[in-house]
Structures are given as C-alpha cells and as structure tokens.
Engineer: 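The structure is given below, and queries will be raised subsequently.
To find a chain, count down the sequence lines: A is the first, B the second, and so on, and within it residues start at 1.
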Amino acid sequence: MEETGLRSAIPMEQLTDSQRKAVFHVDGPLLVLAGPGSGKTRVITTRIAALINSGIRPHNICAITFTNKAAEEMRERVAAFGAAGGVHISTFHSLCVRILRRYADGAGVKPNFSIYDEREQLGCMKEAIKACQIDTTNFAPARMLAGVSSLKNDLETPESVAEYADDYFTKNLARIYASYQKILENNNALDFDDLLVRTAFLLRDRPEIRIELSNRFRYLLVDEYQDTNHAQYQIAKGLALEHGNICATGDPDQSIYGWRGADIGNILAFENDWPNALVVRLQENFRSTPNILELADILISINMKRKQKALIPTRERGADVVIASYSDEKAEAEAIAGQVSRFAEQGGNLNEIAVFYRVNSMSRVIEEAFVQRQIPYQIVRGLEFYSRKEIRDMLGYLKLAVNPADDVAFMRAVNTHPRGIGKTTLDRVGVYASGKGVSLCEAAGQAGGIDSVGKGAQAKLIGFADMIEGFRKDVNGPVAPLMERIFTESGLVAHLESTGEKGDTAIENIGELINAATFYDENAESPSLLDYLQMVSLYSDTDAYDSEAPKVSLMTLHAAKGLEFENVFIVGLEDGLLPHERSRDSEDELEEERRLFFVGITRAKDNLHISYARERIFRGQYLRTVPSEFLYEVGYSPYAAEDDLEDDEFDESFSQVDTESELGGRKFRIGELVGHPKFGIGRVVEFHNMGASSIVVVRFNSGKTKTLMVRYARLSRIGAE
DNA sequence: GTGAATCATCTTTTT
DNA sequence: GATGATTCAC
C-alpha cells in the first residue's frame with residue numbers, strides 16, 4: 001500500500017469534527033450513532049482507509065454490511081482509495097459461509113452443504129410437519145417456518161426449546177423444529193438462519209478457532225448494527241472478543257427488521273458490552289432539505305420507545321413536501337408518471353427519482369403507468385430471476401452435482417422435463433432410499449436392486465444417476481462450461497426448443513445465467529461450482545440494482561434503506577398498508593412501521609411527494625381506503641384537503657367520506673372502523689343500541705378508548721363493507 | 001406416465 | 001388474482 005497516495009486520498013479537511021473522531025479512532029471499541037444522511041458510509045470507508053494508513057494490513061480488516069449491494073458499493077469506494085484487495089467486505093451470511101466452509105469439521109457440517117432458499121425451506125417444513133403427524137391446518141408450514149426462524153435467530157436449538165416448552169403449541173413447535181433440522185441434515189443442507197446459528201455456536205464452543213479468526217480479522221466493522229439479530233450479535237461479539245477492535249454503526253430510528261429478529265437492544269447495549277467504547281454521534285444531516293427533515297422529525301418524535309435525538313439540517317430550505325390524494329391507485333400512478341415525464345422532458349436524469357411502496361405487489365400499477373408513458377424504470381425486488389422455473393431447474397442439476405445428498409435438488413432435476421421417470425417410480429425410489437438410509441440420487445444409481453420398479457424405469461434411473469455422476473467430475477473447474485454441458489446433456493435444451501415461444505425465453509434466461517457464471521469464473525479468486533452456488537444462494541435481485549442507469553427506481557421501503565435520491569415518491573399512505581394491517585395489534589410493530597416511513601422520508605434529498613389513493617383495488621374489487629394515521633401525525637388533515645380538490649387534476653368523482661346522514665340506522669358493529677374529527681381513526685369495541693341515545697365505545701389508534709354518544713359524536717363510518 | 005383442468009389457499013417486509 | 005395441489009382423462 002502506497003502510504004502517501006492513501007493519505008492524500010482521505011479528504012480530511014472535508015470531515016466534521018465528529019466524523020474525524022470516528023474515522024481516526026483506530027484501536028478499541030467504537031460506536032457510531034449516525035442519523036440519516038450523516039455521511040456514515042463515507043465515514044466507514046474513510047475509516048477503512050485510515051486503518052490501512054496506520055499500518056494495518058487490509059487482509060486483517062473485516063467489514064460487515066446488511067446487503068450484498070451495500071458490500072459491493074463499499075468495495076468500490078474502498079477501491080477508490082487504492083485499498084481494494086484484501087479487505088473482507090461482505091454480509092453476515094456470506095462471511096458465515098466462508099467460515100463454515102473453512103472450519104466445516106469444527107462446525108459439524110460438510111463443506112459442500114446446500115443453502116436452501118425460502119421455497120426449499122417450505123418444502124422441507126411441509127415434510128417435517130407431515131413426519132410429525134401434525135395437521136397443517138393449525139400448524140401452517142409458513143407459520144412454522146417463521147417460528148423456527150425466530151427460534152434460530154435467538155440461538156435456540158430443538159433441545160433447548162423442548163426443555164422449556166410447557167404448552168401444546170410450543171411443544172409441537174419443538175418437535176417440528178427437530179424434524180425439520182433432521183431433514184435438512186439428511187440433505188446436507190443449511191437454511192439462511194443455520195448459517196448464522198452454526199457460526200455462532202462454532203465461535204462459542206471452539207475458542208481456539210475463535211482466536212484464529214480474531215487473528216485473521218483484527219479489525220471488525222459492522223454497519224446497520226440496529227438491524228442485527230441475536231445470532232449476528234453473538235457472532236460480531238465473538239469475533240471481536242479477543243481484541244475489542246469493533247466498530248458498530250447504526251441508528252435505532254432506522255431499525256426496520258424487528259420482524260426478522262433484529263433487536264434494537266443490541267445497539268443500545270453496545271456501551272455495556274464494551275465499557276471503554278468511544279461513542280460518536282453524527283447528527284448533522286447533509287442529505288435533505290430542512291423541509292423534509294422537519295417532517296421526518298415530527299413523525300419519529302411520536303415513537304415512545306426512543307431516545308430523543310436531534311436531526312440537524314445543514315442545507316438551505318428547499319421545496320415543500322407535497323402530500324397528495326388521488327381518486328384511486330391508477331390515478332396515483334399516472335400522476336407520478338406525469339411528473340416524471342415532465343422531469344425527463346426538462347432534461348432531468350431519471351436515476352435521481354425513486355418510488356417507494358410498502359408491499360412488492362404495489363409495483364404493478366406504477367409499472368403499468370410507466371410503460372404507458374415509456375418511462376425507463378428498474379424494479380429492485382427480492383425475487384425475480386432466480387425464482388424462474390428454468391433457472392431453478394438448472395440450479396437443481398448444479399446443486400445435485402455438488403451435493404448428491406440433496407434430495408430436494410434431485411427431485412427438482414429429475415422433474416425438469418419428462419424423461420420417463422414418473423411419480424409412481426419416484427415414490428418407490430423414495431421408499432427404497434429411506435429404507436436403506438441413502439439419498440435419492442444414490443438409490444437411483446442402485447435402481448437395479450429396487451424390485452418394485454420395472455425394468456424400463458430402472459434403466460432410466462440408472463441413466464440419470466450416471467449422468468449426474470458424469471457432471472460431478474467437473475465440479476472443480478470453472479462453472480460456465482459445466483453449465484453449458486449440463487444444459488445440453490440433460491436434454492433440457494432439446495425439451496425447451498420443442499416447446500415454442502415460452503421455451504425460447506427460457507433458453508434466453510439460461511443463457512443469461514451462463515453469462516453471469518462466465519463473469520463469476522473470470523472474477524472469482526478460485527472458481528468452483530460449490531463456491532458459485534453458495535454465493536448465488538445468498539444473492540438476491542436487490543443486489544442487481546444499478547444506481548447509474550438512467551432509470552426510475554421502484555422498490556419497497558425496506559429495500560430503500562441506505563439509499564438516497566433527489567426526488568422521492570412514497571405511495572399508498574393508507575391505513576392497513578402503511579402502517580400495515582399485520583402490525584396493527586402491537587405498539588412495537590406500529591412504531592416499526594413509523595420508522596419505516598421515517599426511513600422512506602429521509603431518503604429524499606430535494607423533493608418529497610407523499611400520496612395516498614382514496615380507493616384501491618383489493619382482491620379484485622375497489623375498496624374505499626382510510627388515510628394513514630401517519631399523515632395526521634405529520635400535521636396533514638386529509639379530510640380538509642379532500643374538500644378542496646380543485647388542484648387534483650386526476651380526480652373526477654370524489655365523494656366525501658361517509659357522513660352521518662349516510663349512516664342509516666346509526667348502528668355500529670363491533671370491530672367496525674370509524675373516524676372522529678378529533679380522535680382520528682378507531683375501531684368500535686362496544687355498541688349499545690338505545691335508539692336516539694345509543695352509546696358506542698371506540699378504541700382509537702392513539703391508544704385511547706372513548707365512550708361516545710352516537711347522537712353527538714361526529715363519527716363517520718369508513719372503509720367499505 | 002403425462003398433461004390439462006379444476007379446486008383451494010392465501011396475500012409484508014429480506015438474508 | 002396468482003400459485004400450488006389434486007384430480008381426471010388420455
């Protein structure tokens with residue numbers, strides 16, 4: 001490393017005092033509490049450069065990011081300082097894969113383990129529940145999977161759960177958990193959570209390995225610390241235990257992954273964990289205009305479980321935040337598309353625009369409006385490419401070649417296209433395999449000994465097993481050529497070629513996959529199919545987002561974390577959507593939804609446009625919506641605004657929210673949503689029908705419960721029946 | 001053994 | 001309204 005070059009690469013004079021402190025505090029624990037737009041990313045990358053500058057080898061530095069995309073960006077920035085190679089920058093999950101492969105024995109895994117995605121996990125879970133002879137109506141696979149996941153994030157094992165389980169549900173969950181683990185183990189597979197659990201246990205149980213790792217990673221940086229779960233927390237702590245050189249950065253106000261086991265407590269406990277920690281607060285905001293920050297501040301201040309914290313603007317005042325309502329979600333999308341078009345006509349770069357929404361399915365209307373106006377856009381979404389059938393088929397062959405114990409991959413591969421091996425045959429192979437205690441692939445190879453299977457099917461099974469065996473020989477070379485080979489030899493191309501247009505796009509997609517593999521082969525240190533597969537399993541389409549491309553970015557509020565845009569649209573500010581209805585029952589979850597909105601707001605640099613639709617299509621039909629309570633909280637009164645709709649060019653037929661006169665018999669049902677001019681939105685808890693003096697008890701979203709005289713309370717009925 | 005047709009279920013956010 | 005599981009006809 002050329003020291004002078006590096007030194008001059010750090011623009012120290014541009015750093016604030018707090019930033020400088022965070023950058024140059026080299027040894028010992030450091031906590032950077034960084035508000036949105038405080039230049040945190042820059043501080044981290046500059047800090048890495050400063051560490052190297054002070055004589056620490058890049059090889060001894062490990063930075064952990066929340067997403068692969070963030071890792072990639074950090075690599076680029078560090079590379080710009082001239083310190084590219086050597087520094088380990090990855091997510092927790094990728095780091096764990098590397099550790100588990102390196103110390104497979106100590107961790108009790110085989111290095112060629114498969115990593116199961118959500119779909120595969122679900123399949124195993126269904127099997128696990130069946131094996132326990134438990135009815136799936138009360139123990140839905142998806143719910144059980146979520147349950148097991150949160151147990152794993154808390155580092156609970158099936159045994160530890162069984163020990164404390166004292167109710168019917170938990171006891172069964174423990175059994176299901178055990179059975180699920182057994183299935184994964186038989187398949188030589190780990191799920192996402194296992195990667196963390198195994199690593200955490202490895203660090204806990206094998207101090208000599210832990211110390212070896214501390215020598216390797218002598219400086220640890222963990223970004224987005226507020227979103228670490230217990231397992232990740234233990235891993236970070238374990239890695240830093242020896243030397244205490246841990247730098248954690250984050251912002252409790254931006255914690256939006258509580259549902260995934262993330263614990264804000266981790267960041268709040270940092271100072272207890274590391275008593276000699278230096279705490280640096282970055283409160284200045286260099287990103288957004290005061291107009292935007294004031295709104296963000298009002299909103300986040302409503303959260304009760306929070307340390308009060310300032311959001312200090314540094315920029316000049318700019319444009320006011322716009323809060324708009326539209327007649328329905330199509331009008332909302334068209335209005336945005338219209339504004340984007342005008343922006344583009346005036347020569348604006350579309351990569352300065354983003355649209356955020358709460359749930360992925362909301363992207364569709366926006367897309368349609370953009371397509372209509374021919375506006376280029378990119379969707380930053382979790383699933384897309386790798387969930388396509390043909391891609392999963394190819395990956396099935398590949399996974400099977402690396403890990404023949406993987407029965408899920410076997411079933412996937414064997415069923416890619418008709419090859420004369422049908423359901424009945426596979427059932428019989430399954431019986432044989434479990435009887436002998438071998439994998440399906442192995443059983444297929446021994447098909448000659450399965451008497452229940454006919455001669456013709458036996459030959460086909462053996463042929464299939466031989467083919468896979470042939471692929472296995474090339475597992476250690478580059479990936480792309482093997483993919484090509486599998487594609488033709490498996491007969492998949494021939495099959496797709498014969499299926500017309502659909503087959504053609506499938507072939508193109510696989511071509512795309514092979515291209516990506518070629519890129520991998522050229523860039524990986526030592527390419528192998530195993531490494532490729534384990535990386536690909538952790539890669540999501542979110543990571544394919546291109547911030548340079550002149551396209552509007554569409555993404556969920558969750559995906560927006562860590563990004564910034566000149567112009568931001570946040571859509572669907574409606575009750576049940578943001579806050580999401582599944583967050584309705586707990587105050588903690590409501591606060592998390594509020595933080596989510598806060599994250600969205602603080603992504604905007606110059607212009608922020610927040611909107612809601614008064615009607616939205618849901619399950620095929622239009623339903624009246626209720627404006628989000630968050631809008632009231634930031635001082636906006638939707639109903640007043642809706643009275644004066646002249647400015648709303650997209651509104652043709654707006655009708656005011658149901659008024660008293662429309663309430664008919666003025667009877668309310670328990671659970672019904674009502675609006676009150678002063679108390680806001682609430683649900684009817686009790687209704688006593690006493691004619692003209694009927695009484696209604698309403699629990700408002702503010703948490704207050706009020707008993708009201710129907711005659712006097714100006715209650716409006718909201719939402720459609 | 002295969003493919004089409006029907007029925008049922010469920011619908012947050014992500015590594 | 002989309003996806004998956006099951007059933008039915010060939």
Engineer: Given B:dT13, is OP1 or OP2 found less than 4.0 Å from the side-chain N or O atoms of A:Asn360?
Structural biologist: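 Answer is yes, contact under 4.0 Å.
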Engineer: Any base atoms under 4.0 Å from A:Thr424, or only sugar-phosphate, or nothing? Heavy atoms, all strands.
Structural biologist: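 Sugar-phosphate: the residue A:Thr424, judged by heavy atoms under 4.0 Å, touches backbone atoms but no base.
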Engineer: Do any side-chain atoms of residues 421-431 of chain A form donor-acceptor pairs under 3.5 angstrom with protein atoms, and if so which ones, sequence neighbours left out?
Structural biologist:
from: A:Lys423; atom 1: NZ; to: A:Asp427; atom 2: OD2; distance (Å): 3.4
from: A:Arg428; atom 1: NH1; to: A:Ser452; atom 2: O; distance (Å): 3.3

Engineer: Which word best sums up how the rings of A:Phe630 and A:Phe597 line up, parallel for under 30°, tilted for 30 to 60°, or perpendicular for over 60°?
Structural biologist: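 Ring orientation of A:Phe630 relative to A:Phe597: parallel.
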Engineer: For the side chain of A:Thr425, starting at C-beta, report the closest nucleotide among B:dT15, B:dT13, B:dG1.
Structural biologist: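 Nearest listed nucleotide: B:dG1.
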Engineer: In whole angstrom, what separates A:Phe598's CZ from B:dT13's P?
Structural biologist: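 For the pair A:Phe598 CZ and B:dT13 P, the rounded distance is 23 Å.
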Engineer: Does B:dT14 have OP1 or OP2 under 4.0 Å away from a side-chain N or O of A:Thr556?
Structural biologist: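 For B:dT14, OP1 or OP2 has a side-chain N or O of A:Thr556 closer than 4.0 Å.
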Engineer: Let's see if you can work this out: which of C:dA2, B:dT12, B:dT14 has an atom nearest to the side-chain heavy atoms of A:Arg364?
Structural biologist: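 That would be C:dA2.
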Engineer: Rounding to an integer number of Å, can you tell me how far A:Ile235 CD1 sits from B:dT15 C1'?
Structural biologist: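 My rounded result for the distance is 12 Å.
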Engineer: Give each protein N/O atom lying under 3.5 Å from an N/O atom of nucleotides 5-10 of chain C, with the pair distance.
Structural biologist:
from: C:dA5; atom 1: OP1; to: A:Lys126; atom 2: NZ; distance (Å): 3.2

Engineer: Can you label the angle between the A:His495 ring and the A:His417 ring as parallel, tilted or perpendicular, going by 30° and 60°?
Structural biologist: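 Plane angle under 30°, so parallel.
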Engineer: Contact class for A:Arg595 (heavy atom, under 4.0 Å): base, sugar-phosphate, or nothing?
Structural biologist: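 The answer is nothing, as A:Arg595 stays clear of every strand by at least 4.0 Å.
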Engineer: What I want to check is whether an N or O donor and acceptor connect the side chain of A:Arg582 with the base of B:dT13 at under 3.5 Å.
Structural biologist: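 No, the side chain and the base share no sub-3.5 Å donor-acceptor pair.
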Engineer: Measure the distance from CG on A:Leu122 to P on C:dG4 and round it to the nearest whole Å.
Structural biologist: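 From A:Leu122 CG to C:dG4 P: 10 Å.
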Engineer: Hydrogens and angles aside, do A:Asn187 and A:Asp406 bring a side-chain donor and acceptor to less than 3.5 Å of each other?
Structural biologist: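 No - no donor-acceptor pair under 3.5 Å links their side chains.
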Engineer: Where each residue is assigned the nucleotide of DNA chain B containing its nearest heavy atom, which of A:Ser583 and A:Phe92 is assigned the position nearer the 5′ end?
Structural biologist: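 Checking each residue's closest nucleotide, the 5'-ward one belongs to A:Ser583.
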Engineer: Hey, are A:Lys152 and A:Asp194 close enough for a salt bridge, meaning a charged N less than 4.0 Å from a carboxylate O?
Structural biologist: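 Salt bridge present between A:Lys152 and A:Asp194.
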Engineer: Can a side chain N or O of A:Arg119 be found less than 4.0 Å away from OP1 or OP2 on C:dG4?
Structural biologist: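 It does, given that an N or O in the side chain of A:Arg119 lies less than 4.0 Å from OP1 or OP2 of C:dG4.
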Engineer: For the side chain of A:Pro418, counting heavy atoms from C-beta on, which of B:dT14, B:dG3, B:dT15 is nearest?
Structural biologist: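 Of the options given, the side chain of A:Pro418 lies nearest B:dG3.
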Engineer: Can a salt bridge be assigned to the pair A:Asp117 and A:Arg392 using a cut-off of 4.0 Å between side-chain N and carboxylate O?
Structural biologist: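 No.
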Engineer: Between A:Gln232 (CD) and B:dT15 (P), how many Å, whole number?
Structural biologist: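 That distance rounds to 12 Å.
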Engineer: If I take atom CG in residue A:Asp575 and atom P in nucleotide B:dT12, what distance separates them, rounded to the nearest angstrom?
Structural biologist: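 In whole Å, B:dT12 P and A:Asp575 CG are 16 Å from each other.
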Engineer: Base, sugar-phosphate or nothing for A:Arg143? Non-hydrogen atoms, less than 4.0 Å.
Structural biologist: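 Contact class for A:Arg143: none.
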Engineer: Separation of A:Asn153 atom CG from B:dT15 atom P, in whole Å?
Structural biologist: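 Nearest whole value for this atom pair: 14 Å.
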Engineer: A:Glu592 versus A:Ser583: any side-chain heavy-atom pair under 4.5 Å?
Structural biologist: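 SC-SC contact between A:Glu592 and A:Ser583 ruled out.
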Engineer: Round to the nearest Å and state the distance from A:Lys561 atom NZ to B:dT13 atom P.
Structural biologist: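 To the nearest whole Å, that distance equals 16 Å.
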Engineer: Let me know, please, whether A:Leu596 or A:Ile421 comes out on the 5' side of the other along DNA chain B by nearest nucleotide.
Structural biologist: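 The answer here is A:Ile421.
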Engineer: Would you say A:His558 stacks on B:dT13, if stacking means ring centres under 5.5 Å apart and planes within less than 30 degrees?
Structural biologist: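 Aromatic stack with B:dT13 absent for A:His558.
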Engineer: Given atom CZ of A:Arg198 and atom P of B:dT15, what is their separation to the nearest angstrom?
Structural biologist: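 From A:Arg198 CZ to B:dT15 P: 23 Å.
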Engineer: Give me the ring orientation class for A:Tyr257 and A:Phe66: parallel if the planes are under 30° apart, tilted from 30 to 60°, perpendicular past 60°.
Structural biologist: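 Rings of A:Tyr257 and A:Phe66: tilted, as their planes differ by 30° to 60°.
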